[in-house]
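The next block holds one structure in the form of structure tokens; read it before the comments.
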Amino acid sequence: MAYPHADIEARWQAYWEKHKTFRTPDEVDPTREKFYVLDMFPYPSGDGLHVGHPEGYTATDILARYQRMKGVNVLHPMGWDSFGLPAEQHAINTGNHPKGKTYENIDTFRRQLKMLGFSYDWDREIATTDDEYVRWTQWIFLQLFKRGLAYEGEMPVNWSPDLCAVLANEEVEEQRAKGYRVERRAMRQWVLKITAYAERLLADLDDLDWPESIKEMQRNWIGRSEGAEVDFAVNGETLRVYTTRPDTLFGATYMVLAPEHPLVDRITTPEQRAEVEAYRTAAAAKSDLERAELTKEKTGVFTGGFAVNPVNGESIPVWIADYVLWGYGTGAIMAVPAHDTRDYEFAEKFGLPIIQVVEPPEGVDWRGYVDDGVAVNSGEYDGLPTEEFKQRITAWLEERGVGEAKVNYKLRDWLFSRQRFWGEPFPLLHCPKCGVVPVPEDELPVRLPEMSDYRPTPDGQPPLARAEEWVKAVCPKCGGPATRETNTMPQWAGSCWYYLRFIDPRNDRALVDPEKEKYWMPVDLYVGGAEHAVLHLLYSRFWHKVLYDCGVVSMAEPFRKLVNQGMILGEMEYTLFRDAATGEPVSYDQTTANGQYEQVRLTEAEVDKAGDGFVWKAQREIVVKARADKMSKSRGNVINPDHIVKEYGADSLRLYEMFMGPLTQVKPWSMKGVEGVFRFLNRVYRLVVVEETGELSPRLSDETPTPEQLHALHVAIQKVTEDIEQMDFNTAISAMMIFVNAAQGWERLPKKLLEPFVLILSPFAPHLAEELWHRLGHEETLAYEPWPAVNPEYLKRETIEIPIQVNGRLRGRVQLAPDSPEAEVLAAALACPEVQAHLAGKELKRKIYIPGRMVNLVVG
RNA sequence: GCCCGGGUGGUGGAAUGGCAGACACAAGGGACUUAAAAUCCCUUUCCCUUCGGGGAGUGCGGGUUCGACUCCCGCCCCGGGCACCA
């Protein structure tokens, strides 16, 4: 027998919808405290919701419901990141506009989310594919364009012939992992000048309440480095290099240019030309990734040219090698093999000289020593510590006009166009007379046309180029004929600013009303997966700063606090390996990568822990594989939230996902664990209702709760309150379980005792809580009932138990009043018989009392 | 290679200088039942025990402290991110 979760959940979801319980007022009251709690909105894929989604969504929902009960004005919205490749693929396959499939998927997602009882203000729902939303995405792009932050260039890009699309550097890995080919190709592209904001994006990270790991990832991505540019003379020309170690200039024994460097042509000697050309051709054919993959073995070719080192007039050979990147610094380096790992490898391979110029600490080999030290073999600079040397030599270079201090970033400009149909069209026209002209703001949005063929063209022309009528336009400047830009924006565009639109989703005069923006921003808590650590979060911050500079938003950073939920893995699986040929079981640690094995699933009962691993009970020398894997269709270990809700109810799913462990941690799914929280909810239900009859429990009473009951209740209130604030949801649930375990043993259950308990349960299991609240005699929703306050009086105990240690080992306990003076506690401790046995015949050297916690007696 | 996390019973986890293993799962035993399910109660880190208790124990090795899962030093293993950025 189980509590009627299906009825209860349907009833309260209907109630919330009918009463618009979670509607956030449109008008803002600046005097009211606010809390903007945001989930990373999902891409509504055709597969529907998976169990990973409700993890973060439940966490934010608990916070939202809790804050409402604290009287805070809460903004808790949901929407759809609805542009995306799967819908476009569907359109290509069927010839139908991707819109249809997209909005069907949204309907599925919305139904599934409502089924889980999240307290979103659904009146604020937005989709990035809505015309009204696209309008403002395009508007923001125009602001970037007008500020010179969007430019067009013939760029070497990552072209995927399978996707017929250009990918951002950041996306290459992801798409390759999915099996798509990616190669280099030069194409006309729109690029956003994110590098202009590199310094601010880096500096403003410091004040954010984000996980340190995410901030660190962004810092690494931006990759700021300080150093110097130095001019070397080659054949009367200047070869400029970038180095972070100008102090090692005396140790430069050769130079390396990127194969693409324009100087290569002019310095290559006739004897070396053929070899150099061959190397350059080979390098050009490789993608960035292929170049990186050949890391193991350095390659390069001598150009025949020599460069003169400005600090000592030495002539050193100039090589080309693909370990030097054309896109970073000046595309050329001075090589200091003694103190740079890459240069060292290269010099070793090609027999180039290695000169020590940094003295490492005592006992460390100078060869390949890359850290700071003291200068040697550097003329008048000998003896200088690295840091000081850097400054002196940079000043010297600047004085002579042969170099300067320079800051560099790894961050590249953001390749912003895609040769796809299903994205925001660029609000730009190409006019033969006026060049690139923005579409006037009052003509936005530029809508996508209806088409019959959504395929991209194999030559890289976007599908929009086929929409001949759509492409034709009139230039707003000269009135002459113009053509529309046929590239579209990447999926990131819509997700860059959606958190702003939630504040004022139906505004048709501005993307957000400034007064409302000022009230609601920043987002107080942003929860989502760590996979967006760099891309989405960096792009959003960039756009936000541009909007800040435009005066559209009032502060420089959008997300005050960020939390990443940990991934939910499939169930723990025990696998026995058998030799495919003989059928003999093979120990997992004996298996090899190219061996052929039959894999057999074992149950927990068939295995036993042995040392670090698990063995097969039937044959204990056989080690089995024990691990939980990522959920995936191919592994067949995907848990469908619909099934869980059907079987156990939404409250159980919510509660289980919060009870599994700390929110931020990776954790394996356990069906048994779901049943565990389900049993807990059943027990809660039975405190109030007699399950068989549906009648109120005869144990309920109008009496005043006993001190013992109040104590248990207020301990729970305190723990749940603290834990919600710290997002330690698993221990909050544990505290409620402790209360319910105690309550089961009580003969009488005063309503005044259960009511506050139902309230603290409500953020976690809102449907059941509403039902019980109602059954306890309330007409209205509990969503805005004041959060129960802890009464410290009830937390006090008449006596407390003090553990007594002798030499740090627990030997006994004493019962005392909590405010007993130290002397009394120590006397009781010494009098304790179990303790005395360990004191006998020894000298008492020290007595330590930690008030209310414990006693330690040190004897010798 | 570098940078972050993390390592605690059979399992998920709790305890952030003061009783290691809360809470839950699994397992074992019992009650109820014609029986089963459901429910409820008990046991459950390991080893020894004369059943009073004793000893060991939070990846490994050291250290600090009256006291260390917690702090410090060195190492091993697992997960994630970055990876020729000069």
Next item on the list: Kindly determine whether A:Met671 and A:Tyr648 satisfy side chain to side chain contact (heavy atoms under 4.5 Å, CB included), including the steps that lead there.
Entry: CA-CA 11 Å; A:Met671 222 52 223; A:Tyr648 304 99; 3.8 Å; yes
Remember a base hit wins even if backbone is also touched, and classify [X] as base, sugar-phosphate or nothing at under 4.0 Å, heavy atoms.
X: A:Asn730; value: sugar-phosphate
X: A:Gly223; value: nothing
X: A:Arg846; value: base
X: A:His838; value: sugar-phosphate
X: A:Lys410; value: base
X: A:Asn807; value: nothing
X: A:Met572; value: nothing
X: A:Ser734; value: base
X: A:Phe614; value: sugar-phosphate
X: A:Ile738; value: sugar-phosphate
X: A:Ser225; value: sugar-phosphate
X: A:Glu675; value: nothing
X: A:Arg219; value: nothing
X: A:Val666; value: sugar-phosphate

Counting only side-chain nitrogens and oxygens, does [X] get under 4.0 Å of the OP1 or OP2 atom of [N]?
X: A:Tyr323; N: B:A86; answer: no
X: A:Arg811; N: B:G53; answer: no
X: A:Lys719; N: B:A22; answer: no
X: A:Gln805; N: B:C19; answer: no
X: A:Arg809; N: B:G57; answer: no

Checklist line | Syn/anti label of B:G9 as read from its glycosidic torsion, with the cut at 90° from 0 | finding: syn
Next item on the list: Could you classify B:G74 for me, syn or anti, using a glycosidic angle within 90° of 0 as syn?
Entry: anti
How far does [atom1] of [X] sit from [atom2] of [Y], to the nearest 0.5 angstrom?
X: A:Tyr656; Y: A:Glu675; atom1: OH; atom2: CD; value: 11.0 Å
X: A:Ile804; Y: A:Gln836; atom1: CD1; atom2: CD; value: 11.5 Å
X: A:Leu569; Y: A:Arg627; atom1: CG; atom2: CZ; value: 8.5 Å

Pair assignment for [N], Watson-Crick or G-U wobble, requiring both distances under 3.5 Å:
N: B:A68; value: none
N: B:A24; value: B:U11
N: B:C40; value: B:G30
N: B:G74; value: B:C60
N: B:G1; value: B:C82
N: B:C19; value: none

Check: Do the ring planes of A:Tyr323 and A:Phe346 sit parallel (below 30°), tilted (30 to 60°) or perpendicular (above 60°)?
Finding: tilted
When the [atom1] atoms of [M] and [N] are compared, how many Å lie between them, rounded to an integer?
N: B:A27; M: B:U16; atom1: P; answer: 32 Å
N: B:G9; M: B:C2; atom1: C1'; answer: 36 Å
N: B:C71; M: B:U58; atom1: C1'; answer: 16 Å
N: B:C75; M: B:C66; atom1: P; answer: 28 Å
N: B:C3; M: B:G54; atom1: P; answer: 47 Å

Counting side-chain heavy atoms from CB outward, which of [options] is closest to [X]?
X: A:Met854; options: B:G18, B:A86, B:U39; answer: B:G18
X: A:Pro662; options: B:A14, B:A26, B:G12; answer: B:A14
X: A:Met217; options: B:C23, B:G81, B:C82; answer: B:G81
X: A:Pro803; options: B:G55, B:C19, B:C66; answer: B:C19
X: A:Glu604; options: B:C25, B:C84, B:U11; answer: B:U11
X: A:Glu801; options: B:C19, B:G81, B:A14; answer: B:C19
X: A:Arg853; options: B:G18, B:A14, B:U39; answer: B:G18
X: A:Lys672; options: B:A24, B:G79, B:A26; answer: B:A26
X: A:Glu216; options: B:A86, B:G18, B:C3; answer: B:C3
X: A:Arg683; options: B:A24, B:G12, B:G54; answer: B:A24

Margin query: In this structure, how many angstroms lie between the P atom of B:A22 and the CD atom of A:Glu722, rounded?
Written below: 20 Å
Next item on the list: Using the side-chain contact (heavy atoms from CB on, under 4.5 Å) rule, pick out the option among A:Leu655, A:Ile62, A:Asp723 that qualifies with A:Phe729.
Entry: A:Ile62
Next item on the list: Answer yes or no: side-chain N or O of A:Arg813 and base N or O of B:C19 forming a donor-acceptor pair under 3.5 Å.
Entry: yes
Check: When only distance counts, do a donor and an acceptor, one from the side chain of A:Lys847 and one from the base of B:C66, lie under 3.5 Å apart?
Finding: no
Margin query: Both A:Gly676 and A:Ile333 contact RNA chain B. Taking the nearest nucleotide for each, which residue is further toward the 5' end?
Written below: A:Gly676
Margin query: Judged by each residue's nearest nucleotide on RNA chain B, which is more toward the 5′ side, A:Thr243 or A:Leu810?
Written below: A:Leu810
Margin query: Quick check: do A:Gln744 and A:Arg683 have side-chain heavy atoms less than 4.5 Å from each other?
Written below: yes
Next item on the list: Would you please say whether a donor-acceptor pair under 3.5 Å links the side chains of A:Thr721 and A:Gln718?
Entry: no
Notebook entry, point to check: How about A:Tyr328 and A:Ser225: does a side-chain donor come under 3.5 Å of a side-chain acceptor?
Noted result: yes
Checklist line | Test ring-ring contact (aromatic ring centres under 6.0 Å, His included) applied to A:Tyr574 and A:Trp616, step by step | finding: CA-CA 9 Å; A:Tyr574 303 94; A:Trp616 189 27; over 10 Å; no
